[in-house]
Amino acid sequence: MPSEHSATQVHDAQSYDFDCLVFIGRFQPPHLGHLAVIREALKQARQVIVLVGSSWQARSLRNPWQFDERQTMIRSGFDDDENRRLEITPLLDALYNDDVWVRDVQRRVRDLTAPDVAKLPRIGLIGASRGQSSYYLSLFPQWESVSVPLVEGISASQIRERLFRSPGATDDYLSTGAYHDLPPGVVQQVAEFCQGDAYEQLLEEQRLLDQYRQAWAQAPYPPIFVTVNAVVVQSGHVLLVRRKAAPGKGLYALPGGFINPHERLLDACLRELRERIRLKVPEPVLKGSLRGQRLFDEPHRSWRGRTLAEAFYFALRPDQQLPRLKPVKGGDHARWVALADLEPDSLFEDHFFIIQNFLGLPADFGSAGA
């Protein structure tokens with residue numbers, strides 16, 4: 001049997017088409033289609049970088065697993081030699097700024113590749129035929145494109161649907177091998193996940209979502225909801241509420257809510273701050289502090305379905321005393337949070353990215369080798 005050192009020498013001596021191939025995905029969860037792409041990348045490149053999107057985000061029905069869990073799942077499908085050639089690193093989404101996201105991808109690939117000073121590395125972007133969209137390619141014209149045939153009949157969203165909408169049958173699925181679209185190592189880790197508190201909380205959110213959808217089942221067309229959010233900042237602090245119930249129980253969120261039928265958007269936002277947060281700032285002062293507004297419309301931004309959010313940015317004049325907040329009986333608890341303490345995985349839905357849009361918070365969390 002060849003030693004570890006000799007196996008490495010064989011790979012170093014082998015001729016590859018690429019120095020590095022990059023595969024970008026969310027892997028919620030990693031399935032056999034994902035592994036097929038990575039295996040093809042290992043055949044064609046000396047080094048394979050897997051960028052795991054939607055990292056540093058709170059668990060949700062769309063993103064149940066955190067980065068460390070997904071990294072372990074991916075590595076379980078490969079042997080030691082293959083894993084030595086795999087670099088798996090987290091990638092924070094930048095939902096409303098493609099340039100920030102592209103810069104983060106470029107930096108991580110740059111930091112993980114060690115080119116010979118005599119020549120530039122040959123780098124490619126690899127993906128399944130359907131997933132490797134021309135849009136992605138247009139963002140990275142400096143890299144070549146490698147397309148892998150799509151593994152038909154495998155969908156991460158359908159796997160999640162089975163997991164959360166048929167909880168009573170989950171044990172049967174896992175024990176009988178009905179999860180034929182998942183590698184054995186992933187099946188084992190999914191089974192362990194289903195025994196924990198995080199799974200139970202997501203099941204509760206799925207029940208709420210099903211009730212929500214049922215209420216709109218007779219509508220002649222899928223509903224589109226319109227909401228408002230307030231980004232109120234003073235002296236290095238932002239006004240947030242701590243959610244008391246699912247969805248997003250325990251997470252911070254921006255103050256806001258649905259608009260009333262005969263209400264303008266700004267009026268709705270001011271009403272939410274006045275009635276639900278009891279922010280002790282006169283309305284004329286708030287209006288005079290308005291510095292910007294924007295519509296946030298990422299299609300998957302909300303658990304309830306297609307939801308548009310108009311956010312208003314209020315920059316209050318610096319003061320040694322932050323405005324008082326009067327608790328509302330039965331409502332979410334409001335508090336001022338220092339900007340330095342904001343973490344993407346502590347905020348509900350896309351609220352971190354809304355704050356980031358107005359304040360320009362850094363998007364690069366963690367090191368490339370995290």
Side-chain angles (χ1 to χ4, degrees), residues 54 56-60 63 92-96 201 205 225 227-259 265-266 268-283 285-287 289-296 298 301-304 307-363 365:
S54 298
W56 297 290
Q57 286 190 214
R59 294 188 196 271
S60 66
N63 293 303
L92 180 69
D93 294 342
L95 296 184
Y96 303 104
Q201 184 167 336
E205 295 195 5
F225 305 101
T227 63
V228 292
N229 284 113
V231 180
V232 185
V233 177
Q234 179 173 319
S235 304
H237 291 71
V238 61
L239 180 60
L240 297 175
V241 297
R242 176 86 78 171
R243 294 182 63 85
K244 282 187 166 184
K249 182 178 180 180
L251 297 176
Y252 285 121
L254 290 167
F258 292 96
I259 65 169
L265 292 169
L266 177 57
C269 186
L270 295 172
R271 172 180 54 77
E272 290 287 335
L273 290 173
R274 181 177 63 251
E275 296 179 359
R276 297 184 61 180
I277 306 301
R278 304 284 181 89
L279 176 63
K280 295 300 180 181
V281 176
E283 188 167 299
V285 174
L286 277 174
K287 287 184 175 181
S289 304
L290 183 61
R291 296 292 180 267
Q293 70 181 85
R294 178 179 172 180
L295 178 68
F296 294 88
E298 204 281 326
R301 63 172 301 273
S302 175
W303 72 280
R304 67 177 64 88
T307 305
L308 310 179
E310 185 76 13
F312 296 85
Y313 169 40
F314 303 92
L316 301 178
R317 189 174 64 182
D319 198 309
Q320 289 186 333
Q321 186 75 31
L322 292 169
R324 289 186 298 112
L325 306 169
K326 186 176 179 181
V328 180
K329 186 177 181 180
D332 294 329
H333 179 65
R335 61 171 293 188
W336 293 98
V337 177
L339 295 178
D341 294 335
L342 289 181
E343 299 289 346
D345 60 0
S346 69
L347 276 96
F348 184 55
E349 295 185 338
D350 65 343
H351 291 196
F352 174 83
F353 303 107
I354 294 176
I355 298 171
Q356 182 188 63
N357 173 81
F358 291 116
L359 304 186
L361 300 178
F365 282 78

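Values in this document were obtained by computation on a predicted structure and should not be read as measured data.
No donor-acceptor pair under 3.5 Å is formed between the side chain of Q293 and the backbone N or O of E310. No donor-acceptor pair closer than 3.5 Å links the side chain of R278 to the backbone N or O of L325. A donor-acceptor pair under 3.5 Å is formed between the side chain of S235 and the backbone N or O of D319. Of the possible polar contacts, none joining the T227 side chain to the I259 backbone as a donor-acceptor pair under 3.5 Å is found. Of the possible donor and acceptor atoms, one in the side chain of E349 sits under 3.5 Å from a partner among the backbone N and O of W303. A side-chain donor-acceptor contact under 3.5 Å links R243 to the backbone of P247. Side-chain atoms of W336 do not come within 3.5 Å of backbone N or O of G236 as any donor-acceptor pair.
Interatomic distance, CG of L347 versus CG of L254, reported as 7.0 Å (0.5 Å rounding). Atom CZ of R324 sits about 10.5 Å away from atom CG of L279, to the nearest 0.5 Å. Atom NE2 in H333 sits 8.0 Å away from atom OH in Y252 (nearest 0.5 Å). Here the CG atom belonging to L270 is positioned 4.5 Å from the CG atom belonging to L266, to the nearest 0.5 angstrom. Here the OH-CD distance, from Y96 to E298, works out to 5.5 Å after rounding to the nearest 0.5 Å. A distance of 10.0 Å separates CG in L273 from CG in N229, rounded to the nearest 0.5 Å.
In plain terms, the two heavy atoms of V233 and L359 that are nearest each other are CG2-CD1, 3.9 Å. Taking every heavy atom of both residues into account, A230 and F314 meet most closely at CB-CE1, 4.2 Å. For E205 against A246, the heavy-atom pair with the smallest separation is CG-CB, 3.9 Å. Across all their heavy atoms, N63 and Q57 have their closest contact at ND2-NE2, 3.8 Å. The two residues L92 and F352 have their closest heavy-atom pair at CD2-CE2, 4.3 Å. In terms of heavy-atom proximity, P323 sits nearest to K280 at CB-O, 4.3 Å.
Both the sub-6.0 Å distance and the 45° axial angle are not jointly satisfied by R301 relative to the ring of F296.
Partners of A58 under the side chain to side chain contact (heavy atoms under 4.5 Å, CB included) rule, at least two apart in sequence or in another chain, are L251. Partners of Y313 under the ring pair (Phe, Tyr, Trp, His ring centres under 6.0 Å) rule, at least two apart in sequence or in another chain, are F358.
Checked options L342, V232, D341; the residue passing with V238 is L342 (criterion: side-chain contact (heavy atoms from CB on, under 4.5 Å)).
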